[in-house]
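Count residues from 1 along the sequence.
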Amino acid sequence: MTDTSRTDLLAEAFEAQRDRLSAVAYRVLGSHADAEDAVQEAWMRLARQDATTIENLAGWLTTVVGRISLDVLRSRREASYGDGLSELVITVDDSAEPEETVALADSVGLALLVVLDSLEPSERLAFVLHDLFAVPFAEIGQILGKSADATKMIASRARRKVQATERPTIVRREQRQVINAFRAAAMGGDFEALLRVLDPDVKLTVDTPNGVVVTLGATAVATGAKMVSGSVARHQAVLVNGLPGYISWREDGTPLSVISFTVADGRIAAIAIVADPAKLASAQSRMRLPARYSEGD
């Protein structure tokens, strides 16, 4: 068989795996562009590899894409950068109470990606590969450099954080109660009350005009929450990419921020705030503002 023929066969075998690899990379990275780059990098590595040494091509490619994706996630964290979601989907239902608002069906996938973005890189990789693509823990452990048992614990921790979005079609009353308790404690500067509603490993992500700022841990997040700006004039309970949250405006009617919460086991596990005026203006132009603004809860 000629080298050209071998290359053609290898390319054909790779193309048969491309859709699955793209799906893996997208769910790990949350970005189509980054996912495509990861898959392309996997092809380049395969082309340099002696294919006769690969017993399970699908497994080999999954491992390679997983390692590439993990490197990307870790690089983002080191740079305090979160690629996030390019689209901010805000859903408002004037006819229903916030806890009874039904999320749009096409927001479910976005909601999951928002929650995955709150996970540690190793948690995200372990959850996606095992729970969504049934990759054995032993194989995931090879990517993470950990034992199968340790990898299983990482995936279990991630799964607990994700469970809040298992059935995201209805914003539950309990979730709103937790969020309202957080807002009341923040506005009142009640540090102890904030700690009671925050998960110890809570992650706060703030998307600003100068980039993304990440704060980790209940103490740090609670300290920042006590310094809530008094410039919020009006707010409305909404769904942000399928997650419960709020949109707020200044006195002059310009949007101040969009905030979403991930609630798990009765505590807030993640908070995502968009304060970039350009992104807020784009999101506002795509949604119908309510006739009435909430002055309180």
Side-chain angles (χ1 to χ4, degrees), residues 1-79 81-87 106 108-159 162:
M1 183 180 295
T2 66
D3 289 343
T4 301
S5 297
R6 289 192 184 94
T7 301
D8 289 343
L9 286 175
L10 193 61
E12 183 178 344
F14 178 81
E15 287 302 321
Q17 298 290 326
R18 180 181 287 276
D19 287 347
R20 184 181 62 83
L21 295 173
S22 295
V24 170
Y26 176 61
R27 283 164 178 78
V28 173
L29 296 172
S31 162
H32 286 296
D34 286 348
E36 182 58 34
D37 287 346
V39 172
Q40 188 60 30
E41 175 64 22
W43 161 246
M44 294 172 64
R45 295 187 186 186
L46 177 62
R48 297 192 297 265
Q49 179 77 16
D50 180 1
T52 61
T53 65
I54 301 175
E55 297 182 2
N56 179 353
L57 181 61
W60 188 90
L61 287 171
T62 300
T63 298
V64 170
V65 167
R67 284 175 176 159
I68 294 169
S69 299
L70 184 62
D71 287 342
V72 172
L73 289 178
R74 285 172 172 168
S75 295
R76 288 180 186 172
R77 180 168 290 274
E78 290 173 1
Y81 169 74
D83 190 60
L85 298 173
S86 59
E87 184 179 11
D106 60 1
V108 175
L110 288 167
L112 178 58
L113 287 176
V114 170
V115 178
L116 291 180
D117 196 46
S118 72
L119 304 180
E120 295 292 326
S122 58
E123 292 175 341
R124 182 165 183 160
L125 184 78
F127 174 81
V128 169
L129 291 184
H130 182 267
D131 285 45
L132 302 186
F133 294 94
V135 177
F137 287 123
E139 294 182 20
I140 302 172
Q142 291 177 2
I143 300 174
L144 298 177
K146 297 183 179 296
S147 68
D149 287 342
T151 302
K152 185 175 181 179
M153 292 178 64
I154 291 171
S156 178
R157 186 167 63 242
R159 192 177 303 114
V162 173

Got a second to check how far [X]'s [atom1] is from [Y]'s [atom2], nearest 0.5 Å?
X: Arg27; Y: Asp131; atom1: CZ; atom2: CG; value: 13.0 Å
X: Asp37; Y: Leu29; atom1: CG; atom2: CG; value: 9.5 Å
X: Glu139; Y: Thr151; atom1: CD; atom2: OG1; value: 11.5 Å
X: Glu123; Y: Ser156; atom1: CD; atom2: OG; value: 10.0 Å
X: Trp43; Y: Leu21; atom1: CH2; atom2: CG; value: 12.0 Å
X: Trp60; Y: Arg45; atom1: CH2; atom2: CZ; value: 8.0 Å

Task: side chain to side chain contact (heavy atoms under 4.5 Å, CB included) evaluation trace for Ile143 with Leu129 - done: CA-CA 11 Å; Ile143 300 174; Leu129 291 184; 3.8 Å; yes
Open item on the list: For the backbone of Thr63 and the side chain of Arg67, can you confirm whether one donor and one acceptor N or O come within less than 3.5 Å of each other?
Closed with: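 No; judged by distance alone, with no hydrogens or angles, the pair does not exist.
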Open item on the list: With a 3.5 Å distance limit and no angle check, can you tell me whether Thr62 reaches the backbone of Ala58 through a side-chain donor-acceptor pair?
Closed with: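 Answer holds: yes.
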Closest non-hydrogen atom pair between [X] and [Y], with its separation:
X: Leu10; Y: Ala47; answer: CD2-CA, 4.5 Å
X: Ala13; Y: Leu57; answer: CB-CD2, 3.5 Å
X: Val39; Y: Ala25; answer: CG2-CB, 4.4 Å
X: Val65; Y: Ala42; answer: CG2-CB, 3.7 Å

- [ ] Scan Leu144, Asp71, Leu73, Val28 and name whichever one has a side-chain contact (heavy atoms from CB on, under 4.5 Å) with Pro121.
- [x]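 Between Pro121 and the candidates, side-chain contact (heavy atoms from CB on, under 4.5 Å) is satisfied uniquely by Leu73.
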- [ ] Count the heavy atoms of every other residue, nucleotide or ligand shown that sit under 6.0 Å from CD of Glu15, and state whether that count exceeds 12.
- [x]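 Atom CD in Glu15 is packed in, count exceeds 12.
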- [ ] Assess whether side chain to side chain contact (heavy atoms under 4.5 Å, CB included) is satisfied between Ile140 and Ile154, documenting all intermediate values.
- [x] CA-CA 11 Å; Ile140 302 172; Ile154 291 171; over 6 Å; no
Task: Sub-4.5 Å side-chain heavy-atom contact between Val128 and Tyr26 - done: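 Of all side-chain heavy-atom pairs linking Tyr26 with Val128, none is under 4.5 Å.
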Open item on the list: Below 30° counts as parallel, above 60° as perpendicular, anything between as tilted: where do the rings of Phe137 and His130 land?
Closed with: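 The rings of Phe137 and His130 lie parallel, inter-plane angle below 30°.
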TODO: Identify whether the distance between the nearest side-chain nitrogen and carboxylate oxygen of Arg18 and Glu36 falls below 4.0 Å.
DONE: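 Salt bridge flag = yes for Glu36 with Arg18.
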